[in-house]
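Reviewing the structure listed below.
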Amino acid sequence: MTNQDQQEQSANSPEESNEEVSAAGEQKLIEDRLAKAAQLRDKGFDPYPPRFDRTHTSAEATKLFEYVEVMASNGVGDDAEHPRTETVRIAGRVMARRGMGKAAFIDLKDGYGSIQAFARQNTMGDEAYEIVNLLDIGDIIGVEGSVIRTRRGEISVEAQQVTVLTKAIRPLPDKWHGLQDQEIRFRQRYLDLISNDKAMKNALLRSMVVQSMRSFMHDRGFIEVETPILVPVAAGAQATPFETHHNQLDRDLYLRIATELYLKKLIVGGIERVFEIGRLFRNEGLDHDHNPEFTTIESYQAYADYNDVMSMVENMVSYIAKETTGSMVLPAVEGVRPEIDLTPPWPRLDLRAEIKKQTGIDFVETRDVESLSAAMRERNIHVEAGSAWGRLLDKVISSEVEPNLVQPHFLVDYPVEMSPLAKRKPDSDEIVERFEGFVMGTELCNAFTELNDPVDQRDRFEQQEKQRLDFGDDEADRLDEDFLVAIEHGMPPTGGLGLGIDRLTMLIAGEESIREILLFPAMRNT
RNA sequence: GGGCCUUUAGCUCAGCGGUAGAGCAUCGGACUUUUAAUCCGCAGGUCGUGGGUUCGAUCCCCACAGGGCCCA
């Protein structure tokens with residue numbers, strides 16, 4: 001139907017014209033609310049006023065009343081039978097409304113909790129009370145009045161005045177069931193935060209994790225820095241980078257996949273304890289514990305080795321758990337995990353011995369792709385065709401060893417092929433001083449005694465570049481000439497660490513999906 | 001990349017080869033101490049999108065898209 005047809009038809013059906021046209025569904029709800037905003041304006045009330053002087057949060061108002069009530073019970077105050085506070089001004093979002101004609105109860109929610117407001121026409125006056133009839137669930141309002149306890153025992157602000165601070169023109173999700181639709185929860189996280197306490201709890205936990213991590217590091221004399229996100233070479237880890245381009249410099253750049261190499265340049269520069277908390281970007285798929293952008297802490301400590309880092313990690317993680325939950329023992333979560341005890345020390349497991357124990361494979365005896373592949377096939381471990389040796393062993397570890405590590409453990413001493421930035425053990429050409437921390441069957445951190453021999457480091461990079469060519473391995477690490485020049489000037493012996501903050505928060509929150517922790521996880525186009 | 005599940009009113013969910021249901025929210029009415037307030041009444045839907053089968057498809061089949069879970 002063309003526009004003209006539609007116009008002609010509506011002209012022919014006058015009952016459908018103008019304000020008689022009833023908009024469908026969601027649009028109708030929006031129009032109803034816009035109409036109420038217009039009515040507020042007609043009565044001289046700005047539905048979006050610039051300022052409201054709040055004197056108390058919901059929590060403070062509740063606390064104030066409880067204090068007054070205790071004093072009244074001791075005979076202090078004008079009316080010991082009906083204690084009431086001084087006038088307070090609170091503000092928050094209308095979460096529920098129970099109207100009774102000339103009185104109404106409103107559940108208000110602010111950033112600190114909830115409190116009920118109680119509005120009566122005869123206390124407010126007819127004109128002021130009209131605002132109450134124009135309120136919708138979702139509106140943000142201010143309420144002025146003293147705090148009392150209602151007959152049913154609910155601490156409530158008895159409204160002298162109600163002010164609309166922000167008229168909401170879209171409805172909130174179901175007040176009882178909350179927001180269930182996972183897609184909307186992730187795409188419109190603000191609705192999740194409003195409707196579901198758990199979403200807010202996780203968001204606050206994430207902040208507390210980062211805060212306590214920072215204070216742990218600062219207490220130990222670490223300096224926090226920020227290094228480039230746009231980098232000419234995406235090195236320092238084995239991952240595929242995002243590519244971008246700087247127009248004026250006419251130069252291709254990448255989003256960093258690690259902060260490692262820049263931080264080690266700062267170690268060369270003499271900042272002996274340094275860390276960065278920041279976003280990394282890896283161009284890979286999404287699943288319950290991967291997101292293309294995620295946050296890590298990396299730290300580097302001169303004159304330390306991986307044993308020092310190991311004890312720092314177990315101390316840091318248990319400290320953060322204690323600070324954020326009050327205990328180093330995380331409670332069991334039904335259907336997710338048993339109780340997790342993060343109290344140090346965490347068991348150190350020799351990687352070679354552990355693989356041998358779980359699979360019978362000794363990676364020192366199966367030192368090439370052919371023999372390792374054969375040993376894997378014998379044990380029904382999937383062999384990805386065309387994989388480098390290190391990738392195959394990584395598969396053995398992730399499928400046969402990691403799942404058993406539910407309580408915190410360190411796997412210690414990795415083969416050199418998997419670890420191009422780690423220093424060899426003094427007594428071995430094949431094994432490096434590297435460990436990874438595991439909890440709940442997933443990797444939490446990765447750390448090593450940093451390779452500071454510039455000749456060996458160049459050789460390792462070259463082997464990674466060769467692996468990229470020989471095996472078509474896009475994720476092989478990249479040679480970074482600037483970094484090599486830096487350590488050719490001399491990097492002291494150093495212990496380094498990388499730890500995923502989103503995964504650490506998942507662990508503490510008892511969540512199985514990183515999407516419950518990231519406020520705005522990556523989503524497909526709609 | 002493969003398999004399974006899922007998409008119905010603003011939200012939470014039923015449903016069925018014969019043309020759409022509930023609760024909450026909205027709208028109208030009653031109600032001055034409620035708290036999932038209560039009571040009465042009304043309205044609200046391209047049943048994810050596009051094809052196919054059929055006299056007839058929201059339902060069966062196929063493809064695609066979004067979301068979830070498992071595997072690779």
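Every chain is numbered from 1 and lettered A, B, ... according to where its sequence line falls, protein lines coming before strand lines. No hydrogens, no waters, no symmetry mates; every other heavy atom, side chains included, goes into these values.
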Mind telling me whether A:F410 and A:F435 have parallel, tilted or perpendicular rings, with 30° and 60° as the class edges?
-> perpendicular
d([atom1], [X]; [atom2], [N]) in whole Å:
X: A:E26; N: B:U26; atom1: CD; atom2: C1'; result: 12 Å
X: A:Q27; N: B:U46; atom1: CD; atom2: C1'; result: 16 Å
X: A:I137; N: B:U35; atom1: CD1; atom2: C1'; result: 12 Å
X: A:I30; N: B:C11; atom1: CD1; atom2: P; result: 11 Å
X: A:Q188; N: B:G10; atom1: CD; atom2: P; result: 13 Å
X: A:I194; N: B:A25; atom1: CD1; atom2: C1'; result: 15 Å

Could you check A:T150 against A:P171 and say which one's nearest nucleotide on RNA chain B is further toward the 5' end?
-> A:P171
Sorted by position of nearest nucleotide on RNA chain B, 5' first, the leading residue of A:D174 and A:R152 is A:D174
What residues 105-121 of chain A contributes to the RNA chain B interface at heavy-atom separation below 4.0 Å is A:F105, A:Q116, A:F118, A:R120
C1' gap between B:A43 and B:C55, integer Å | 34 Å
Those stems involving RNA chain B that have three or more consecutive Watson-Crick or G-U pairs, both distances under 3.5 Å, are B:1-7 with B:65-71, B:10-13 with B:21-24, B:27-30 with B:38-41, B:48-52 with B:60-64
Is the closest basic N to carboxylate O distance between A:E158 and A:R120 below 4.0 Å?
-> yes
Donor/acceptor link under 3.5 angstrom from A:R98 side chain onto base of B:U34 | yes
Establish, from distance only, whether the side-chain atoms of A:E354 and A:Q358 form a donor-acceptor pair under 3.5 Å.
-> yes
Scoring nucleotides 65-72 of chain B by protein non-hydrogen atoms under 4.0 Å (B base, S sugar-phosphate only, - none) yields -SSS---S
